[in-house]
Protein chains: 2
Amino acid sequence: MTEVFELETFLPYRLNRAAEFVALRFAAQYKARYQLTRPEWRTLAALGSSERPMTATEIGAHSSMHKTKVSRAVFGLEQRRWLKREEDGRDRRVEHLALTPAGKQAYRELTGLASRYQAELLSMLGAENVEALSNGLQAVERAMRKAGASGSAALT
Amino acid sequence: MTEVFELETFLPYRLNRAAEFVALRFAAQYKARYQLTRPEWRTLAALGSSERPMTATEIGAHSSMHKTKVSRAVFGLEQRRWLKREEDGRDRRVEHLALTPAGKQAYRELTGLASRYQAELLSMLGAENVEALSNGLQAVERAMRKAGASGSAALT
DNA sequence: AATCAATAGTTACGCTTGCAACTAATATGC
DNA sequence: GCATATTAGTTGCAAGCGTAACTATTGATT
């Protein structure tokens with residue numbers, strides 16, 4: 001039984017490579033046009049989709065980012081004047097973060113890009129493949145929630 | 001039509017998060033036991049599965065790694081005495097890399113870990129979900145080959 | 001009320017990364 | 001045969017990263 005291990009068949013490797021490929025093609029767009037980092041884009045997306053202001057902690061939970069990443073992304077967006085901080089009257093540790101008009105405008109443009117990219121992926125991969133991929137990812141997402149706070153080093 | 005963009009439904013985001021989750025759980029194992037980095041593990045896996053020695057360039061192509069990553073990983077494995085370099089008689093730019101006996105031993109142990117982890121994933125996610133995921137990934141892999149040398153910044 | 005624990009967010013530090021520039025060797029065009 | 005381009009692999013550098021430590025504030029225990 002000389003079972004040879006092949007990297008090509010190893011799920012973590014395949015997932016990683018696919019994620020890199022898919023994410024990089026999109027990242028290239030917002031990096032080129034807006035000089036935005038990925039944490040900044042995610043923060044923008046989180047804030048833009050929310051009715052009310054969010055705290056940094058909420059952003060981290062919503063977009064699966066470590067708090068230091070969020071902190072730096074918030075700082076970056078603040079410098080661009082795409083978001084503003086508002087203090088909480090009751091708890092002075094907390095900051096309520098909301099997009100400025102310029103931030104909302106950027107959000108609209110970037111989510112436009114994102115939607116177009118999503119559509120491009122769909123036609124590139126085929127609807128039934130995207131469906132399968134999505135179902136598979138859903139299973140991983142369930143597993144993540146189950147492993148939850150315990151396992152993820154990404155959110156420590 | 002106030003179509004709200006939701007990060008949760010954005011494929012690049014979902015792929016990235018799932019890949020991080022799945023890869024990190026495995027990386028924790030080889031980091032803890034062998035203090036191995038991911039590029040080192042990938043290099044080891046590439047070399048171990050090959051009959052004959054490989055060049056650094058071949059390793060990069062086989063395991064989707066930038067040449068600087070490969071260069072550093074090779075250096076690391078060399079220091080551990082898990083691999084040896086052999087010069088090419090005809091072309092002195094090229095190095096032929098092969099695992100030492102200690103390297104082969106490590107390869108066996110680590111691929112054992114990997115296989116067990118793969119099995120754990122299968123039971124964790126369910127066979128039919130892994131099947132779906134795998135099919136979806138295959139579509140991405142086809143797209144990668146098609147976009148090929150042109151698109152990938154990861155292999156520049 | 002005083003202490004100790006927990007939480008929100010920031011920062012210092014060392015490590016990893018990718019890009020670009022580099023060295024060395026070989027291949028190509030004229 | 002000489003100049004130029006290309007290829008293999010390495011390295012300097014700046015940027016991004018996570019860990020741990022930190023400040024500031026609030027909550028819990030007694």
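Chain A is the first sequence line, chain B the second, and so forth, proteins listed ahead of strands; every chain is numbered from 1.
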On the 0 to 90° scale, with breaks at 30° and 60°, tag the B:Phe10-B:Phe5 ring pair as parallel, tilted or perpendicular.
perpendicular

Is the shortest side-chain N/O distance from A:Lys67 to OP1 or OP2 of C:dT10 below 4.0 Å?
no

Assuming nearest nucleotide by heavy-atom distance, tell me which of A:Thr68 and A:Thr37 is located more 5' along DNA chain D.
A:Thr37

So, does A:Arg85 get its side chain near the phosphate of C:dT10, meaning an N or O under 4.0 Å from OP1 or OP2?
yes

Looking at B:Ser134, is its backbone amide N or carbonyl O close enough to the side chain of A:Arg14 to form a donor-acceptor pair, meaning the two atoms are under 3.5 Å apart?
yes

Of the options C:dT16, D:dG9, C:dT10, whose atoms approach the side-chain atoms of B:Glu95 most closely?
D:dG9

Closest approach to the side chain of A:Ala56, judged atom by atom: which nucleotide of C:dG9, C:dT11, D:dG9 is it?
C:dG9

Value in whole Å for how far the C1' atom of D:dG16 lies from NE2 of A:His66
13 Å

From CZ of B:Arg92 over to P of D:dT6, roughly how many Å is that when rounded to an integer?
23 Å

Looking at C:dG9, I'd like to know if its phosphate oxygens (OP1 or OP2) sit under 4.0 Å from a side-chain N or O belonging to A:Thr57.
yes

From the options D:dA24, C:dT10, D:dA8, select the nucleotide whose nearest atom is closest to the side chain of B:Arg93.
D:dA8

Which nucleotide, D:dG9, C:dT16, D:dG18, lies nearest any side-chain atom of A:Arg72?
D:dG18

Once you round it to whole Å, what is the distance between P of D:dG9 and CG of B:Leu77?
15 Å

Selection from D:dC17, D:dT6, D:dT25 that lies nearest to any side-chain heavy atom of A:Pro39
D:dC17

Please report, rounded to the nearest Å, how far the C1' atom of D:dG16 is from the CD atom of A:Glu20.
15 Å

Between CD1 of A:Ile59 and P of C:dG9 the distance, given in whole Å, is 9 Å

Donor-acceptor pair, side chain of A:Ser49 and main chain of A:Ala45, under 3.5 angstrom:
yes

Of the nucleotides C:dG18, D:dA20, D:dA8, which one has an atom closest to the side chain of B:Val94?
D:dA8

For B:Ala56, side-chain contact (heavy atoms from CB on, under 4.5 Å) partners two or more places apart:
B:Val70, B:Leu97

Whole angstroms only, please: what is the CE-P distance between B:Met65 and D:dA8?
16 Å

Tell me the interatomic distance from B:Leu24, atom CG, to D:dG18, atom P, rounded to whole angstroms.
9 Å

Which part of the nucleic acid does B:Arg90 contact within heavy-atom distance under 4.0 Å: base, sugar-phosphate only, or nothing?
sugar-phosphate

If you compare every side-chain N and O of A:Ser71 against the phosphate oxygens of C:dG9 (OP1, OP2), does one of them come in below 4.0 Å?
no

Do other residues, nucleotides or ligands put more than 12 heavy atoms under 6.0 Å from the CD atom of B:Glu86?
no

Taking CZ from A:Phe75 and P from C:dT10, how many angstroms apart are they, rounded to a whole number?
10 Å

